[in-house]
Amino acid sequence: MTYETIITETRGKVGLIILNRPKALNALNSQILAELVAAVNGFSADAGIGAMVITGSEKAFAAGADIKEMQSISYVDAYSQDFFVGWEEFTRVRKPIIAAVAGYALGGGCELAMMCDFIIAADNAKFGQPEITLGVIPGMGGSQRLTRFVGKSKAMDMCLTGRMMDAAEAERSGLVSRVVPAGELVEEALKAAAKIADFSLPSVMMAKEAVNRAFETTLAEGLRFERRLFHSLFALEDQKEGMAAFAEKRKPNFTNR
Ligand code: HXC
């Protein structure tokens with residue numbers, strides 16, 4: 001499939017998606033949403049792919065939802081179309097997705113990064129939820145996901161003042177998992193994704209499902225869910241292979257079975 005607003009590449013077992021609307025700082029319009037969802041679903045359906053990386057440019061991961069596309073929308077249209085509901089499909093992807101963020105990740109850009117499984121930031125990254133400056137509030141999950149990442153006080157600060165957070169503050173507050181030099185961002189993210197993609201895919205997918213469950217349920221239910229998934233992994237050939245390889249002091253050869 002050919003895309004106009006994103007570029008996709010395959011690097012070994014990793015699917016790389018580059019947001020590519022440079023003139024609009026990768027603002028997220030309906031076309032980029034449709035293409036992004038098609039791309040992640042395509043990589044998900046590809047048995048040769050074990051993980052994905054989404055990145056933007058050095059200046060902007062994404063500077064938000066496309067304000068020019070949104071500005072004339074009416075309440076009735078927003079409500080009737082359930083505007084932004086399309087992003088829910090993105091969050092249903094079951095293979096891991098790493099957001100590699102350089103430059104601006106604002107509004108919907110920050111929200112897209114938070115929909116990924118973890119965020120690796122370049123040292124020039126800037127995160128923010130500036131919707132309040134436009135007379136609105138986050139609409140792609142920012143008020144909920146940012147609060148779960150960084151806690152109430154910082155989330156309120158970001159959503160009420162619209163200020164940006166730099167990469168160091170983002171790492172300190174748990175929004176990003178690591179910060180790397182801007183020039184090494186994509187390679188570092190690809191390296192992390194390649195490492196994940198070399199593990200047994202079903203166990204990787206279950207690890208993602210288990211961690212995500214921590215955001216949806218009580219501790220007791222989450223622990224039960226984790227234990228049941230853990231038990232089920234003993235049905236895999238990859239569990240036998242992984243543990244045998246450890247005992248035999250060799251590298252495991254996982255087959256995703
Ligand atoms: C549409 C955008 C855009 C956006 C930038 N551009 N952000 N277009 N939607 N979110 C466009 C600009 O209009 C400009 O186009 C070009 O990209 C370059 O941007 P500049 O502003 O000239 O660049 P710079 O001076 O470097 O400033 C960078 C910036 C600024 C600080 C990131 O662009 C900015 O503040 N952008 C808006 C950030 C924002 O408010 N995001 C949240 C959106 S709302 P031209 O044609 O003039 O060259 C959202 C969720 C909404 O995401 C949920 C509620 C419903």
Side-chain angles (χ1 to χ4, degrees), residues 3-7 17-37 40 54-91 97 99-116 119 121-150 152 154-170 173 175-176 179 182-183 185:
Y3 299 114
E4 290 173 353
T5 61
I6 61 172
I7 296 166
I17 300 171
I18 304 165
L19 306 175
N20 189 35
R21 292 188 71 211
K23 288 188 183 142
L25 301 184
N26 294 331
L28 304 168
N29 62 5
S30 38
Q31 185 179 3
I32 210 169
L33 164 61
E35 293 189 355
L36 198 48
V37 166
V40 289
I54 297 182
T55 195
S57 69
E58 198 154 322
K59 175 157 187 194
F61 177 72
D66 191 313
I67 299 167
K68 293 164 192 168
E69 187 183 67
M70 264 186 311
Q71 71 181 107
S72 56
I73 197 167
S74 70
Y75 165 71
V76 170
D77 287 343
Y79 181 78
S80 307
Q81 298 162 16
D82 203 359
F83 190 55
F84 285 160
V85 72
W87 289 102
E88 279 177 18
E89 195 175 343
F90 180 87
T91 64
I97 307 178
V101 174
Y104 296 112
L106 302 178
C110 185
E111 292 167 302
L112 170 59
M114 292 190 291
M115 284 181 221
C116 297
I119 303 172
D123 50 15
N124 74 340
K126 285 191 184 308
F127 298 87
Q129 298 291 160
E131 290 87 346
I132 201 76
T133 67
L134 301 168
V136 291
I137 67 168
M140 285 164 50
S143 66
Q144 306 303 298
R145 289 198 180 93
L146 186 64
T147 308
R148 282 165 164 81
F149 275 97
V150 305
K152 176 181 170 183
K154 229 176 238 299
M156 279 289 189
D157 181 358
M158 305 290 292
C159 292
L160 293 179
T161 69
R163 80 169 174 90
M164 293 184 209
M165 208 191 248
D166 65 16
E169 184 180 4
S173 50
L175 178 57
V176 310
V179 178
L185 174 70

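Keep in mind that what you see is a predicted model, and the values were worked out from it rather than measured. Counting starts at 1 for both ligands and their atoms, following the listed order.
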[atom] protein-contacted (non-hydrogen atom, under 4.0 angstrom):
atom                    : answer
atom 10 (N) of ligand 1 : yes
atom 55 (C) of ligand 1 : yes
atom 21 (O) of ligand 1 : no
atom 30 (C) of ligand 1 : no

Identity and separation of the nearest protein heavy atom to [atom]:
atom                    : value
atom 48 (O) of ligand 1 : Lys23 O, 4.4 Å
atom 24 (P) of ligand 1 : Lys59 NZ, 3.9 Å
atom 34 (C) of ligand 1 : Leu106 CD1, 4.7 Å
atom 12 (C) of ligand 1 : Lys68 NZ, 3.8 Å
atom 51 (C) of ligand 1 : Glu131 CG, 3.7 Å

For residues Thr5 and Glu35, is any side-chain donor paired with an opposing acceptor at under 3.5 Å?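 The criterion, which ignores hydrogens and geometry beyond distance, is satisfied for Glu35 and Thr5.
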
Are the side chains of Met158 and Arg163 in touch, meaning some heavy atoms are under 4.5 Å apart? yes

Check Thr55, Asn26, Ile6 against Ile18 for a side chain to side chain contact (heavy atoms under 4.5 Å, CB included) and give me the one that passes. Thr55

Between [atom1] of [X] and [atom2] of [Y], what distance do you get to the nearest 0.5 Å?
X      : Y      : atom1 : atom2 : value
Ile119 : Phe127 : CD1   : CZ    : 5.0 Å
Glu169 : Met164 : CD    : CE    : 12.5 Å
Leu175 : Cys110 : CG    : SG    : 5.5 Å
Met165 : Leu146 : CE    : CG    : 6.0 Å
Leu106 : Leu112 : CG    : CG    : 12.5 Å

With a 4.0 Å heavy-atom cut-off (strictly under), which part of Ala63 contacts ligand 1: side chain, backbone, both or neither?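 Looking at Ala63 and ligand 1, atoms from backbone and side chain both fall under 4.0 Å.
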
Please work out whether any backbone atom (N, CA, C, O) or any side-chain heavy atom from C-beta onward of Phe84 is under 4.0 Å from ligand 1, and answer side chain, backbone, both or neither. side chain

Backbone N or O of Gly103 within a donor-acceptor pair of the Asn124 side chain at under 3.5 Å?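 Between the backbone of Gly103 and the side chain of Asn124 there is a qualifying donor-acceptor contact (under 3.5 Å).
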
Counting only heavy atoms not in Glu69, do more than 12 sit closer than 6.0 Å to its CD atom? yes

Only heavy atoms count here, so choose which of [options] is nearest to [atom].
atom                    : options                      : answer
atom 44 (S) of ligand 1 : Leu134, Leu25, Ile137        : Leu134
atom 2 (C) of ligand 1  : Ala24, Gly162, Pro130, Ala78 : Ala24
atom 53 (C) of ligand 1 : Ala62, Gly139, Ala27         : Gly139

Among the heavy atoms of Met140, does any lie under 4.0 Å from an atom of ligand 1?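 Per 4.0 Å heavy-atom rule, Met140 does not contact ligand 1.
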
If we only consider heavy atoms of Asn29, is any one of them less than 4.0 Å away from an atom in ligand 1? no

Hey, is ligand 1 close enough to Ala65 that some N/O pair sits below 3.5 Å?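 Yes, since at least one N or O of Ala65 sits under 3.5 Å from an N or O of ligand 1.
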
Hey, is ligand 1 close enough to Met70 that some N/O pair sits below 3.5 Å?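 Between Met70 and ligand 1 (N or O atoms, distance only) the closest approach is not under 3.5 Å.
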
For the residue pair Tyr75 and Tyr79, categorise the inter-ring angle as parallel (less than 30°), tilted (30 to 60°) or perpendicular (more than 60°).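 Tyr75 vs Tyr79 ring planes: parallel.
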
